[in-house]
Visitor: 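Below is the structure I would like to discuss, written out as C-alpha cells.
Here the structure is a predicted model, which is why all the values come from computation and not from measurement. Computed from heavy atoms alone, side chains included, the values below leave out hydrogens, waters and symmetry copies.
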There are 2 protein chains.
Amino acid sequence: MLAQVVLQNPVGGACIGPDVAEWDAGRRLSALPMPGVRMTFARGEEIFGDGEPADHVYRVISGAVRTYRMLSDGRRLISDFHLVGDFFGLEMGQEHRIGAEAIGDTEVLAVRRSTLNRRAAEDCDLSSQVWRLTADSLERTREHALLLGRQGACERVCAFLLDLADRLDQPADLTLPMSRQDMADYLGLTIETVSRTLTQLQAWNWIALPAVRRIVFTDRAAMHRLCC
Amino acid sequence: MLAQVVLQNPVGGACIGPDVAEWDAGRRLSALPMPGVRMTFARGEEIFGDGEPADHVYRVISGAVRTYRMLSDGRRLISDFHLVGDFFGLEMGQEHRIGAEAIGDTEVLAVRRSTLNRRAAEDCDLSSQVWRLTADSLERTREHALLLGRQGACERVCAFLLDLADRLDQPADLTLPMSRQDMADYLGLTIETVSRTLTQLQAWNWIALPAVRRIVFTDRAAMHRLCC
DNA sequence: CGGCTGATTGAGGCTCGTCAAATGTCGTGG
DNA sequence: CCACGACATTTGACGAGCCTCAATCAGCCG
C-alpha cells in the first residue's frame, strides 16, 4: 500500500517509501524506486510553474497532469499528459522550462532532485533510468511534433485517442481525463475543431460518444489506418 | 588540428582524438571529448536510417545534418538541423528512431556507443554530459512543437531565421545551409509558403535577400517582437 | 427549476495548401 | 564566353481546412 503522509509542501516533509512496484508491471514504466513525499492537488491547481526552481521530480499516483508551454499572448501548447505511474518535472537545469497543472484532483509523489542526484551519482543503473526518462520523453515529443507539423485534424484526434486508450489500458472503451480545451491545446487545434472531428468520427461509425468524456471504439482498424 | 584518418565505415576504423576544444567555446556545446572516427558524406547522403541499429553517436565537424521522421505516405518533418559542433544520433534504445542525412557535403566524427557507455559507467561527469545532450534536445524539441502547434507561418519563419543566425553566430548576415524544402519540412509548411513568407518579410523591410541562400537582417527587433 | 460551465453546431472568413507557370541559378559543354 | 538543361525558387490563381465569432445545447449543482 502507499504510505500515509500527505503534505501540500514537499520541503521538509516526511520521507516515505511507497511500493511503486505494482505500477511498474506496465511496459512504459521504469522502476526508479525513490523515497518521496505525497502531495495532493485540486483540479486545475498548479504543481509548478514555468521558470520556477526545479527542486523536485514527480510521479503521478492518481489523477492526471498536464505539462505545457505558453506564448506571451496566452496561446498554449500542452507538451504532454501524465497518467498514473508517469514521471514529470525532470529537468537538467535548475529551472523548470514548462508548467505543470493537475487536470482533475491528483496525487503525486514528489522526489527531491538532490536525493535523486546523490543516489544517481553512486548508482549507475539509477542514473541510466533517469536518462531513460528524458530519452522517452524526447521520443514522445518528437512524435508529437510530427503530428503537429504534418498531420491533419482527423489524424491528430485519432492518433491521440488511440495513444491515450493504449496508455490507460482501455482499448475498447476510453474515459477521457481531460476537457476538450486540453485536447485542443495538445493537438494544436481549437475546441470547435476537436468537437467537430469527434462528431465526424461518430458519423463514420468509428467511435461512439455515450457521454462527453466517454469514447467507445467501434472501428479501431480504420482509425489506425488513418493516422499511421 | 583535426586528425587525418578518414573512413566511410566507422566499424574497425582507427581511433583518433581530435581537438574539439575549439568548438566548445560556444555556450551550446558540451565538451564530451571522445575518440572517434571521421566520416565524410556527400550532399543528401544518408548517415543513418530510421530503424537502423544505433551503434554510433555523431558530431558535426563541417557541413550540416538534418534529422527527420516520416509518415508512411512520405510526409516528412525535420526534427532538427545539426550544425558544426552539434551532436546527433544519440539514442537510449538499440535502434535509431529518426533518420539523418547530410545537407551539404559534411564531415562528422562518429563515436562508438559501446565506448561511450563504457566510459560513462566510470565517469560520472561524462554520464551527466550525455544526459545533458538528451535534455537539451528535449528542450529544443518542445520549443519546436510549440512553434508547430501554435504559431503562424510568419512567426515560424522569423523564429527559425533568428535561431539559426544565433546558432551559426551570424547575427546580421545569415547564409542558409539548407534548401527551401528543408526549411518547409522543419517548419511544418510548404516550400511555397516559406517562399511567400520570405518575400513578405522582404516587403516589410525586415530582411533582404541578396541571394537565395543569403538573409540580411534589417529589422531584427521587429522579427523578435513577432515571434517571442 | 434556474444558473453556470463546458460542449456542440452553424456561418463566414482567413490562412495556408495545391497546382501550374514563370523565373532564377548553377554546372556542363560547345 | 555563351548556350543549354536540370533543378530550385518564386509567383499566381484557386480551393480546402481550420479558425473566429456567435448561438444553441447538455450536464451538473445548488
Visitor: I want to verify a distance call: between C:dT8, D:dT10, D:dC18, whose nearest atom is closest to the A:Arg180 side chain?
Guide: C:dT8
Visitor: For A:Glu155 and D:dG17, give me the distance from atom CD to atom P, rounded to whole Å.
Guide: 12 Å
Visitor: Under the 3.5 Å rule, do the base of C:dT18 and the side chain of B:Arg196 count as making a donor-acceptor pair?
Guide: yes
Visitor: Between the side chain of B:Arg59 and the main-chain N/O of B:Leu109, is any donor-acceptor distance below 3.5 Å?
Guide: no
Visitor: Is there a side-chain polar atom (N or O) of A:Thr190 under 4.0 Å from OP1 or OP2 of D:dT20?
Guide: no
Visitor: Checking contacts here: which listed nucleotide (C:dC16, C:dT8, D:dT10) is nearest the side-chain heavy atoms of A:Ser195?
Guide: C:dT8
Visitor: Does one side chain, of B:Ser62 or B:Glu107, offer a donor that lies under 3.5 Å from an acceptor on the other?
Guide: yes
Visitor: In whole angstrom, what separates A:Leu148's CG from D:dC18's C1'?
Guide: 14 Å
Visitor: Contact class for B:Arg75 (heavy atom, under 4.0 Å): base, sugar-phosphate, or nothing?
Guide: nothing
Visitor: From CG of B:Asp185 over to P of D:dT9, roughly how many Å is that when rounded to an integer?
Guide: 12 Å
Visitor: Could you tell me whether a side-chain N or O of B:Thr199 sits under 3.5 Å from a main-chain N or O of B:Ser195, the two making a donor and an acceptor?
Guide: yes
Visitor: Can you measure B:Ile191 atom CD1 to C:dA20 atom C1' for me and round it to whole angstrom units?
Guide: 12 Å
Visitor: Whole Å only: how far is the CG atom of A:Leu209 from the P atom of D:dG27?
Guide: 11 Å
Visitor: Closer to the 5' end of DNA chain C via nearest nucleotide, is it A:Leu198 or B:Pro210?
Guide: A:Leu198
Visitor: Establish, with yes or no, whether the OP1 or OP2 oxygen of C:dT5 is under 4.0 angstrom from a side-chain nitrogen or oxygen of A:Arg43.
Guide: no
Visitor: Output the single nucleotide from D:dC19, D:dT9, C:dG17 whose closest atom is nearest the side chain of A:Thr193.
Guide: D:dC19
Visitor: Please name the pair of heavy atoms, one in A:Tyr186 and one in A:Ser79, separated by the smallest distance, quoted to 0.1 Å.
Guide: CE1-O, 3.6 Å
Visitor: Counting heavy atoms from C-beta on, name the nucleotide in D:dC18, C:dC16, D:dC21 closest to the side chain of B:Ala153.
Guide: C:dC16
Visitor: Which whole-number value in Å describes the distance from A:Gln200 CD to C:dT9 P?
Guide: 11 Å
Visitor: Looking only at the side chain of A:Thr199 (C-beta and beyond, no hydrogens), which of the listed nucleotides C:dC16, D:dC19, C:dT9 gets closest?
Guide: C:dT9
Visitor: Does any donor-acceptor pair link the side chain of B:Glu192 with the base of C:dC19 at a separation under 3.5 Å?
Guide: yes
Visitor: Among side-chain atoms of A:Arg214 and A:Thr175, is any donor-acceptor pair under 3.5 angstrom?
Guide: yes
Visitor: What integer distance in Å separates B:Gln181:CD from C:dT18:P?
Guide: 11 Å
Visitor: With nearest nucleotide decided by heavy atoms, which residue, A:Ala211 or B:Val212, maps closer to the 5′ end of DNA chain D?
Guide: B:Val212
Visitor: Quick one: B:Leu176 CG to D:dA8 P, roughly how many Å, whole number?
Guide: 16 Å
